[in-house]
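Below is one structure, written out as structure tokens; the observations come after it.
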Amino acid sequence: MNNQQLENLVKRLSPEAEVAEGKQFLEVTVKPDALKTLALALKENGESSLDFLFCMTGVDYGEELGVVYHLRSTSYQHELVLKTRMANRDNPVIDTVGDIWKTALYHEDEIFDLLGIRFSGHPGLRRLFLEDDAGFPLRKDYVDEVNIVTK
Amino acid sequence: MEEKVVNTSLEDQEFVLNMGPQHPSTHGVLRLLVTLKGETIQKVEPHIGYVHRGIEKMSESLAYPQIIHLTDRMDYLSAHINNEAVCLAVENALDVEVPERVKYIRTILAELTRIQSHQLWWATFGMDLGGLTCFFYGMRDREKILDIFEETCGGRMIVSYNTPGGLMYDIHPDFQKKVKAFITYFRKTLPEYDRLLTGNVIFRARSKQVGVMSGEDAISYGITGPSARASGLSCDVRKHQPYSAYDKVEFNEIIYHNGDTLDRYLARMDEMRESMNIIEQLIDNIPEGSHFTKMKPVIRLPEGEYYQKVETARGELGVYIISDGGKTPYRIKWRSPNFSNLWILDKISQGMKIADLIAIGGSLDLVIPDIDR
């Protein structure tokens, strides 16, 4: 499918999603509570068949925290980016997609470890790299007076 | 308190075995908690983070040419290809066209990197399975590539030879001659590898139908590289989205279908041959010209998002850069092939024996600093 066809499909599956044509990918932004439904539909739908999650990133946008999913179809080789943003910085929660793509479970662990976003429905969310009291270093407001020198 | 005496045979007891973080076969600091029933594996739980250096966080305060030096230290066996990922991302973001000469040299060096990485993998894989001679054969041949790197790049493993816009310096005058001599040499010695290990009865018994990964699992777990191609998943970035000079060469994507340890082994062996084919097509045709395009002294990416993927020796390496227009990235994420490849270990070793775990782990060819970043 080309980007235009993908765009039509996304609009059909989730009318509220914002779709924008980025420099490389078609970028779809949805609300956190609508993400899982759309993600599952995009994988299960025979036309899109986005079955390969090749990158999953947590981002601190300043006011908001976000998660970015890079998806590919191994049968058609088209790609799409799903994005979502959460305004609640104190307790950001989003549904896990680990039951759709297994690899997401471990990327979610990593995002939880470094950004403190929790994933509901994750069978065993844990910190991967850091100690329990290490804070969330990839947040922009993270302070470490010992190791980070600010000029 | 009364002490409870367990009076069952060892074969029936379930217990947890700690493997690593300093275990010779994990090739780095990987800790595995293995739940066993007798000798049979029930569950493998990897614990990582022993070499987590926070490369993503560090990169947020470094300029793009500086980040390149950190990328060497992720998958140190694919150092050259990691460098290339950042360079391509920056060049594509700024619409910089690098000279043909640069593309050719990058591709040749990337393929040499792939060969030396697979040589080291073969050497240690053989050693893990008890064939100590393999280690000496593999290291002997790998030295020759490292010597070529040293002459041209200055470094042997941590090369940092790519830079946004081109290469640090031009190739050494002897580069082409030495690479051709190496190819001639390695075409003779690669069959020795096959004689030593591929056809070995013990080796085949320990690898055939061991750790079978289905195609569906490979997709679901996000497996890439030779490990995925051994399960029949076509995922070679060099084929699907060619970069540098890969659109100018003919080569085959190596695909096997059984998904067991033996197929993952054979896939890598064949990749070494394909890499030699690629180098042979390019080495005599390196165009004349400059080895760099002049870039601004301070590189600022326009506001936006950039994604670049390359095929390292272990699979698809992706770099996702979010720029706010400054000279450092706002957020940089490394999609490292080893991170995704690691987690299949639990699935494919269930029901196998503890000794098979060494073979399975070796056939996934994990590099731990790339998992931890």
Side-chain angles (χ1 to χ4, degrees), chain A residues 20 22-25 27 43 49-62 66 68-75 77 79 81 83 98-107 109-111 113-115 124 126-131 134 136-140 142 144 147-151, chain B residues 45-54 56-58 60-61 92-93 95 215-224 228 233-235 237 239-241 302 304-309 315-320 322 324 330-337 339-344 346-347 371-373:
Chain A
K23 197 180 171 188
Q24 288 161 293
F25 306 108
E27 292 172 5
K43 191 207 166 186
S49 170
L50 291 159
D51 51 2
F52 198 87
L53 177 73
F54 63 95
C55 185
M56 185 172 166
T57 316
V59 188
D60 182 356
Y61 292 105
V68 183
Y69 305 77
H70 285 76
L71 302 170
R72 182 194 308 149
S73 161
T74 49
S75 7
Q77 299 299 333
E79 292 171 335
V81 178
K83 287 182 182 183
D99 43 357
I100 306 176
W101 304 283
K102 272 273 161 35
T103 181
L105 288 176
Y106 312 105
H107 282 91
D109 281 344
E110 184 189 322
I111 293 170
D113 193 5
L114 302 175
L115 279 141
R126 63 176 171 124
R127 300 199 74 147
L128 275 189
F129 306 125
L130 306 174
E131 301 290 325
F136 304 118
L138 280 183
R139 288 201 183 184
K140 293 289 173 185
Y142 176 77
D144 181 347
N147 294 313
I148 301 177
V149 181
T150 42
K151 280 179 235 166
Chain B
E45 194 183 321
H47 284 255
I48 55 176
Y50 295 92
V51 269
H52 178 68
R53 292 142 296 175
E56 288 174 11
K57 181 72 181 173
M58 272 195 266
E60 285 176 12
S61 49
N92 290 341
D95 286 324
E216 291 80 44
D217 281 344
I219 291 172
S220 181
Y221 279 84
I223 311 295
T224 49
L233 175 64
S234 162
C235 60
V237 184
K239 273 280 182 216
H240 290 297
Q241 297 181 6
E305 300 181 1
Y306 309 95
Y307 195 93
Q308 178 65 48
K309 42 174 129 37
E316 177 184 322
L317 176 81
V319 55
Y320 176 47
I322 301 178
D324 56 358
Y330 180 78
R331 169 86 169 93
I332 190 164
K333 155 84 185 177
W334 291 97
R335 182 263 186 238
S336 71
F339 182 83
S340 300
N341 290 3
L342 165 69
W343 303 101
I344 192 85
D346 176 38
K347 173 101 187 176
I371 297 172
D372 284 0
R373 282 161 288 139

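Predicted, not measured: the structure shown is a model, and the values here were computed from it.
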Where on [X] is there a heavy atom nearer than 4.5 Å to chain A: the side chain, the backbone, both, or neither?
{"X": "B:Ser234", "result": "backbone"}
{"X": "B:Asn92", "result": "backbone"}
{"X": "B:Lys309", "result": "side chain"}
{"X": "B:Ile371", "result": "backbone"}
{"X": "B:Leu233", "result": "side chain"}

Notebook entry, point to check: Hey, does the side chain of B:Lys333 reach the backbone of A:Gly58 with a donor-acceptor pair shorter than 3.5 angstrom?
Noted result: no
With a 4.5 angstrom heavy-atom cut-off, could you sort out which part of [X] is near chain B: side chain, backbone, both or neither?
{"X": "A:Val81", "value": "neither"}
{"X": "A:Glu79", "value": "side chain"}
{"X": "A:Arg127", "value": "neither"}

Note to self: side chain to side chain contact (heavy atoms under 4.5 Å, CB included), that's the test. Do A:Leu114 and B:Lys57 meet it? Break it down for me.
What the structure shows: CA-CA 10 Å; A:Leu114 302 175; B:Lys57 181 72 181 173; over 6 Å; no
Item checked: Working for side chain to side chain contact (heavy atoms under 4.5 Å, CB included), residues B:Thr224 and A:Phe52 -> CA-CA 10 Å; B:Thr224 49; A:Phe52 198 87; 3.7 Å; yes
Got a second to check how far [X]'s [atom1] is from [Y]'s [atom2], nearest 0.5 Å?
{"X": "B:Ile219", "Y": "A:Leu53", "atom1": "CD1", "atom2": "CG", "answer": "12.5 Å"}
{"X": "B:Trp334", "Y": "A:Thr57", "atom1": "CH2", "atom2": "OG1", "answer": "12.5 Å"}
{"X": "A:Leu115", "Y": "B:Arg331", "atom1": "CG", "atom2": "CZ", "answer": "6.0 Å"}
{"X": "B:Ile344", "Y": "A:Thr103", "atom1": "CD1", "atom2": "OG1", "answer": "9.5 Å"}
{"X": "B:Asp372", "Y": "A:Phe129", "atom1": "CG", "atom2": "CZ", "answer": "5.5 Å"}

Notebook entry, point to check: Between B:Glu316, B:Glu56, B:Lys347, which residue shows the highest count of heavy-atom pairs closer than 4.5 Å to chain A?
Noted result: B:Glu316
Next item on the list: Mind ranking A:Lys140, A:Arg72, A:Glu27 by heavy-atom pairs under 4.5 Å with chain B and telling me who comes out on top?
Entry: A:Lys140
Margin query: I want to check something: taking the side chain as every heavy atom from C-beta on, are A:Leu128 and B:His47 in contact at a cut-off of under 4.5 Å?
Written below: no
Margin query: Quick check: do B:His52 and A:Leu130 have side-chain heavy atoms less than 4.5 Å from each other?
Written below: yes
Notebook entry, point to check: Aromatic ring centroids of A:Phe54 and B:Tyr307 under 6.0 Å?
Noted result: yes
Margin query: In terms of relative ring orientation, are B:Tyr221 and A:Tyr106 parallel, tilted or perpendicular, with 30° and 60° separating the classes?
Written below: parallel
Notebook entry, point to check: How are the rings of A:His107 and B:Phe339 set relative to one another: parallel (under 30°), tilted (30 to 60°) or perpendicular (over 60°)?
Noted result: perpendicular
Item checked: Residues B:Glu216 and A:Lys102 bridged, charged N to O under 4.0 Å -> no
Next item on the list: Could you tell me whether A:Lys23 and B:Glu305 have a side-chain N and a carboxylate O separated by less than 4.0 Å?
Entry: no
